[in-house]
**Student:** 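Shown below is the structure under consideration.
Values below: every heavy atom of this structure, side chains too, minus hydrogens, waters and symmetry copies. Counting from 1, the numbers follow the sequence of the chain as shown.
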Amino acid sequence: MRTEAVNRVKLVFGLFDVDGNGYLEADDFDVMAERVIQAVPTAADAAKSAMLAAFRKYWTTLLVELDANHDGKVSFDEFTACVLAPERFDDAITDFAEALSALGDLDGEGLIERPVFVALMTAIGFQLANIHVLFDAFEPTDADRITRATWAHGIKEYYGPDKAGIPGDHLVGNPTG
């Protein structure tokens with residue numbers, strides 16, 4: 001497992017641990033889902049529902065795969081073991097990636113405008129400077145838009161245990177790096 005992958009997952013764990021208690025719990029995912037959905041109030045209801053379902057599947061997958069003692073919590077070590085194991089987490093992350101990118105495609109044309117991307121990524125908790133560097137790494141069009149497919153691929157790639165030098169690495173650390 002690459003250091004870059006662990007750093008990416010560490011960042012996501014910290015963002016998803018909404019209450020900061022060191023564990024992921026169902027409430028963390030409910031709060032995060034609400035934040036993300038509220039970031040784009042004009043999104044279609046179907047896209048909002050799909051995003052909520054994707055957050056719930058993400059949480060349920062973690063719970064089923066990891067919560068051996070049935071305490072309803074997932075630690076960082078448990079989280080890393082699951083999300084960086086494609087055979088255990090690919091379906092959940094694919095649904096999440098598709099739902100998030102669809103939520104950002106407000107007009108249904110398959111493109112996400114920078115302000116919408118920024119709103120969604122800010123709602124998750126990523127740093128603004130890093131969000132812009134990531135968007136630029138996705139090589140936006142002259143109209144400053146990226147494709148849904150590019151973003152969905154970038155999300156799935158972010159969780160790859162053997163990936164390094166990917167656009168998602170821009171979310172970790174110094175935004176100029």
**Student:** What's the separation between atom NZ in Lys156 and atom CD in Glu98, rounded to the nearest 0.5 Å?
**Tutor:** 5.0 Å
**Student:** With rounding to the nearest 0.5 angstrom, report the CD1 to CZ distance, Ile146 to Phe135.
**Tutor:**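 Going from the CD1 atom of Ile146 to the CZ atom of Phe135 covers 5.0 Å.
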**Student:** Could you tell me the separation between the CG atom of Leu134 and the CZ atom of Phe138, rounded to the nearest 0.5 Å?
**Tutor:**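 One gets 4.0 Å once the value is rounded to the nearest 0.5 Å.
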**Student:** Considering non-hydrogen atoms only, spot the tightest contact between His170 and Ala137 and give its length.
**Tutor:** CD2-CB, 3.7 Å
**Student:** Would Phe16 and Phe79 count as a close aromatic pair, with their ring centres under 6.0 Å?
**Tutor:** no
**Student:** Measuring only between side-chain heavy atoms, which start at C-beta, is Val74 closer than 4.5 Å to Glu65?
**Tutor:** no
**Student:** Shortest non-hydrogen contact from Ala43 to Lys48?
**Tutor:** O-CE, 3.3 Å
**Student:** Do the side chains of Tyr158 and Leu171 get nearer than 4.5 Å, heavy atoms only?
**Tutor:** yes
**Student:** Can you confirm whether more than 12 heavy atoms, excluding those of Phe76, are under 6.0 Å from its CZ atom?
**Tutor:** yes
**Student:** Determine whether Thr61 and Asp91 make a side-chain contact, defined as any pair of heavy atoms from C-beta on separated by less than 4.5 Å.
**Tutor:** no
**Student:** Applying a strict under-4.5 Å side-chain criterion to I, L, V, M, F, W and Y, I'd like to know whether Leu100 and Val9 cluster together.
**Tutor:**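 Yes: a chain of side-chain contacts under 4.5 Å links Leu100 to Val9.
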**Student:** For residues 119-129, please give each side-chain donor-acceptor pair under 3.5 Å, one per line with the distance, not counting sequence neighbours.
**Tutor:**
{"unit_1": "Thr122", "atom_1": "OG1", "unit_2": "Val118", "atom_2": "O", "d": "2.7"}

**Student:** State whether the side chain of Asp95 and the backbone N or O of Ala54 hold a donor-acceptor pair below 3.5 Å, judged by distance alone.
**Tutor:**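 No, the answer is negative, given that no donor and acceptor are paired below the 3.5 Å cut-off.
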**Student:** Using the salt bridge (charged side-chain N to carboxylate O under 4.0 Å, His left out) criterion, which residues pair with Glu113? Sequence neighbours excluded.
**Tutor:**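 Listed in chain order: nothing, the list is empty.
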**Student:** Tell me whether Val64 shares a hydrophobic cluster with Phe55, the cluster being built from Ile, Leu, Val, Met, Phe, Trp, Tyr side chains joined at under 4.5 Å.
**Tutor:**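 Unlinked, Val64 and Phe55 end up in two clusters.
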**Student:** Would you call Asp136-Arg114 a salt bridge at under 4.0 Å N-O?
**Tutor:**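 Looking at Arg114 together with Asp136, the answer is yes, because their closest N to O distance falls below 4.0 Å.
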**Student:** Taking the side chain as every heavy atom from C-beta outward, state whether Asp19 and Asp27 have any atom pair closer than 4.5 Å.
**Tutor:**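 When only atoms from C-beta onward are counted, Asp27 and Asp19 do not touch, as no gap falls below 4.5 Å.
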**Student:** So, the side chain of Arg8 versus the backbone of Lys163: is there a donor-acceptor pair under 3.5 Å, distance only?
**Tutor:** yes
**Student:** Quick one: do Leu62 and Ile155 end up in the same hydrophobic cluster if we chain Ile, Leu, Val, Met, Phe, Trp and Tyr together by side-chain heavy atoms under 4.5 Å apart?
**Tutor:**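 Hydrophobic grouping puts Leu62 with Ile155.
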**Student:** Please answer whether the main-chain N or O of Asn21 pairs with a side-chain N or O of Asp17 as donor and acceptor at a distance below 3.5 Å.
**Tutor:** yes
**Student:** Is there a path of hydrophobic side-chain contacts, each under 4.5 Å between heavy atoms of I/L/V/M/F/W/Y residues, joining Leu63 to Phe89?
**Tutor:**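 Phe89 clusters together with Leu63.
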**Student:** Report whether Leu103 and Val116 are members of the same hydrophobic cluster (ILVMFWY, side-chain heavy atoms less than 4.5 Å apart, transitive linking).
**Tutor:** yes
**Student:** Would you check if the side chain of Asp28 reaches a backbone N or O of Glu25 as a donor-acceptor pair within less than 3.5 Å?
**Tutor:**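 Side chain of Asp28 to backbone of Glu25, a donor-acceptor pair under 3.5 Å: yes, one is there.
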**Student:** Just how far is it from atom CG of Leu24 to atom NZ of Lys73, taken to the nearest 0.5 Å?
**Tutor:**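 These two atoms lie 11.5 Å from each other.
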**Student:** Starting at NZ of Lys10, measure out to CG of Asn7 and round the result to the nearest 0.5 Å.
**Tutor:**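 Reported to 0.5 Å precision, the distance equals 7.0 Å.
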**Student:** Just say parallel, tilted or perpendicular for the rings of Phe29 and Tyr58, cut-offs at 30° and 60°.
**Tutor:** tilted
**Student:** Rounded to the nearest 0.5 Å, what separation is found between the OG1 atom of Thr147 and the CD1 atom of Ile112?
**Tutor:** 6.5 Å
